[in-house]
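A short write-up of the structure that comes next.
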Amino acid sequence: MSKTGSGSQSNEKLEILTLGQFQVKRGEMVLSDNSQRSYRLWELLKYLITHREKAIFSDSIIEHLWSDQDYTDPKHALRTQVYRLRQMLSGSDKEEAPYIAFANGCYRWNTESLYWLDVDEFEQMVDQAQALADQHQPTEAIECYRRAVALYRGDYLPESSFNEWVIAARNYYHRLYMQGVFELIEMLKSAGLYEDIINVCEKTFAIEFFEEYIHMKYIEALLKENKVRQAKTHYEKTASIFFKEMGVKPSNEMRQLYRKLQAESGEEGSDLGTIQESLSNSGFDDGAFVCDPDFFRDLYKLELRRNERNGQSAFIGMIGFYPSSSQSLNSRSMKTVQDEVQTILKASLRRGDVITPWNDSQFLVFLPGLNFEQAEKVVARIFTSYNRRLTSASFSLKCDLQPLQAAEFISA
């Protein structure tokens with residue numbers, strides 16, 4: 001537990017920040033300004049405060065922090081680092097109440113020493129808010145939740161994200177933060193404080209953007225405040241980002257909310273000129289059009305009907321990228337290659353052509369208004385761009401091209 005002392009800003013009290021950034025202060029003095037020069041010392045402090053509720057054997061600390069170091073006497077090196085860290089934290093050689101205790105071959109963070117730790121305060125505020133809510137004291141609970149979520153300025157120890165021993169703590173505090181945000185929003189909704197919900201959601205987006213629940217509550221609050229245009233713009237922007245970054249479409253609940261938005265904005269009763277203006281102002285990127293597989297299916301069926309009427313030539317192609325050897329790529333590598341291939345396709349095709357990521361290693365493309373010779377040139381252009389941009393031999397590109405009427409391999 002954090003120790004606050006007699007004065008909340010006592011110069012003797014150590015203040016440790018871990019959420020969103022790592023910083024150690026005493027009064028106005030920032031001790032961790034030399035964090036690069038004393039990297040191993042601060043990593044030792046981070047490890048000890050992360051496991052502050054237990055004593056840790058020397059061997060465990062050495063294994064987790066310095067397994068890559070070839071020390072002749074690693075335990076002596078650890079004792080030296082602990083001594084230096086104690087001096088840095090206390091500002092002297094005094095050992096009356098050290099921040100780092102040692103007993104029975106184990107080191108531990110001294111939770112009885114004089115310090116303030118943001119994650120301790122964060123947990124206490126969330127627990128207090130939950131208790132007040134259970135006691136049916138909504139006003140006091142809302143205030144505690146506000147203080148809790150304000151303390152969370154980002155992931156726990158973001159500078160140490162590559163260390164495995166940080167992951168469990170980071171996930172725990174992030175989950176606690178999202179739980180606090182959810183509870184706060186629901187309590188604000190019950191109190192009719194929709195402007196406050198808008199403010200909470202906007203701050204949350206900076207920390208956790210890909211949580212659909214927050215976007216839904218944000219849009220609902222905007223509607224309650226009669227900010228219909230802002231709500232509609234936010235939905236369209238969010239839906240686009242979710243698909244581009246994660247390849248997911250809005251949920252049924254989100255789409256129902258959008259239909260409500262359309263009704264609120266009066267779009268259903270707009271004249272044709274207004275609708276066309278709205279559609280043209282939505283904007284579009286350069287290059288070929290990228291859509292999801294469901295939209296591509298609908299487009300395919302539409303083009304089949306159109307082709308039956310006017311006989312216009314069109315082609316459909318499957319562009320796949322596959323490991324060149326028997327050793328398969330991991331999911332992260334596949335995603336990187338998929339993004340790069342999509343960029344190549346978008347730049348190589350016309351604005352009237354259509355692309356969809358069909359699965360993890362294949363794209364479908366629709367090429368309207370081309371004859372076979374022209375379609376082959378398009379494929380050659382894709383391969384040229386691919387070979388120029390991606391020189392790795394770990395995967396290869398393949399293409400299957402068919403006239404539209406023969407492309408019956410797409411399931412309805």
Side-chain angles (χ1 to χ4, degrees), residues 1-19 21-69 71-125 127 151 156-157 159-160 163-170 172-173 176:
M1 174 181 283
S2 301
K3 302 298 178 181
T4 59
S6 59
S8 62
Q9 292 299 324
S10 169
N11 288 337
E12 296 182 356
K13 184 179 61 177
L14 200 66
E15 182 178 335
I16 306 173
L17 303 177
T18 60
L19 296 171
Q21 64 169 333
F22 174 73
Q23 189 178 77
V24 182
K25 299 171 60 179
R26 174 174 283 103
E28 299 300 320
M29 181 181 297
V30 180
L31 304 179
S32 55
D33 273 350
N34 60 347
S35 58
Q36 294 300 321
R37 187 160 50 89
S38 306
Y39 172 78
R40 288 192 177 88
L41 292 183
W42 295 121
E43 285 297 293
L44 175 59
L45 174 61
K46 293 174 185 178
Y47 186 82
L48 291 173
I49 62 175
T50 298
H51 303 90
R52 59 192 175 280
E53 299 301 329
K54 62 182 181 181
I56 312 168
F57 283 105
S58 301
D59 291 340
S60 181
I61 296 175
I62 293 166
E63 179 184 353
H64 283 99
L65 295 184
W66 305 318
S67 59
D68 59 337
Q69 299 297 313
Y71 290 117
T72 304
D73 187 349
K75 290 188 177 180
H76 174 74
L78 176 58
R79 287 195 297 271
T80 301
Q81 297 283 34
V82 169
Y83 174 76
R84 289 181 58 203
L85 183 56
R86 283 172 174 163
Q87 282 188 306
M88 190 175 294
L89 297 177
S90 65
S92 68
D93 293 328
K94 296 180 180 179
E95 294 289 334
E96 289 85 354
Y99 289 103
I100 303 170
F102 180 80
N104 302 319
C106 296
Y107 291 96
R108 67 176 179 84
W109 179 256
N110 184 3
T111 56
E112 299 302 316
S113 58
L114 195 61
Y115 73 99
W116 180 90
L117 179 61
D118 59 353
V119 286
D120 277 346
E121 185 81 5
F122 172 63
E123 280 189 285
Q124 292 167 14
M125 286 295 101
D127 290 343
L151 280 169
Y156 178 72
L157 296 178
E159 303 89 348
S160 302
N163 292 323
E164 292 185 3
W165 50 266
V166 177
I167 295 174
R170 176 180 295 114
Y172 168 71
Y173 293 124
L176 200 62

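Looking at Glu15 and Tyr115, their side chains never come closer than 4.5 Å, going by heavy atoms from C-beta outward. Side-chain atoms of Ile56 and Trp109, non-hydrogen and from C-beta on, never get closer than 4.5 Å to each other. Between Trp42 and Ser32 there is a side-chain heavy-atom pair separated by less than 4.5 Å.
What you find for Asp118 and Leu19 is that their closest heavy atoms are OD2-N, 3.0 Å. Across Arg86 and Ile100, no two heavy atoms sit closer than the pair NH2-O, 2.7 Å. Counting all heavy atoms, side chain and backbone alike, Val82 lies closest to Leu44 at CG2-CD2, 3.9 Å. Here the closest non-hydrogen pair linking Arg108 and Ala55 is CB-CA, 3.8 Å. Residues Asp120 and Arg52 come closest through the heavy atom pair OD1-NH2, 3.0 Å. The shortest non-hydrogen separation linking Tyr99 to Ser113 is CD2-OG, 3.2 Å.
With sequence neighbours excluded, the residues forming a ring pair (Phe, Tyr, Trp, His ring centres under 6.0 Å) with Tyr47 are His51, His64, Trp165, listed by chain and number. Residues satisfying the side chain to side chain donor-acceptor pair (under 3.5 Å) criterion with Asp127, sequence neighbours excluded, are absent altogether. For Glu43, the side chain to side chain donor-acceptor pair (under 3.5 Å) partners at least two apart in sequence or on another chain are Lys46, Ser160, Asn163. Applying the side chain to side chain donor-acceptor pair (under 3.5 Å) test to Tyr107 and every residue at least two apart in sequence or in another chain returns nothing. By the side chain to side chain contact (heavy atoms under 4.5 Å, CB included) test, Glu63 pairs with no residue at all, sequence neighbours left out. For Phe57, the side chain to side chain contact (heavy atoms under 4.5 Å, CB included) criterion is met by Cys106, not counting sequence neighbours.
Remark: Lys75 NZ to Ile61 CD1 distance equals 11.0 Å, nearest 0.5 Å. Glu123 CD to Leu117 CG: the interatomic distance, rounded to the nearest 0.5 Å, is 9.0 Å. To the nearest 0.5 angstrom, Ile16 atom CD1 is 11.5 Å from Gln23 atom CD. Taken to the nearest 0.5 Å, the CD1 atom of Ile167 stands 12.5 Å off from the CG atom of Leu157. Between the CG atom of Leu41 and the OH atom of Tyr83 there is a distance of 12.5 Å, given to the nearest 0.5 Å. Taking CD of Gln81 as the start and CG of Leu65 as the end, the distance is 9.5 Å to the nearest 0.5 Å.
Side-chain polar atoms of Tyr39 and Glu159 form no donor-acceptor pair below 3.5 angstrom. Judged purely by distance below 3.5 Å, without hydrogens or angles, the side chains of Thr50 and Tyr156 pair a donor atom with an acceptor atom.
Between the side chain of Arg26 and the backbone N or O of Leu89, at least one donor-acceptor pair lies under 3.5 Å. Between the side chain of Asn110 and the backbone N or O of Pro98 there is at least one donor-acceptor pair closer than 3.5 Å.
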Next item on the list: Kindly determine whether Phe22 and Leu17 satisfy side-chain contact (heavy atoms from CB on, under 4.5 Å), including the steps that lead there.
Entry: CA-CA 5 Å; Phe22 174 73; Leu17 303 177; over 6 Å; no
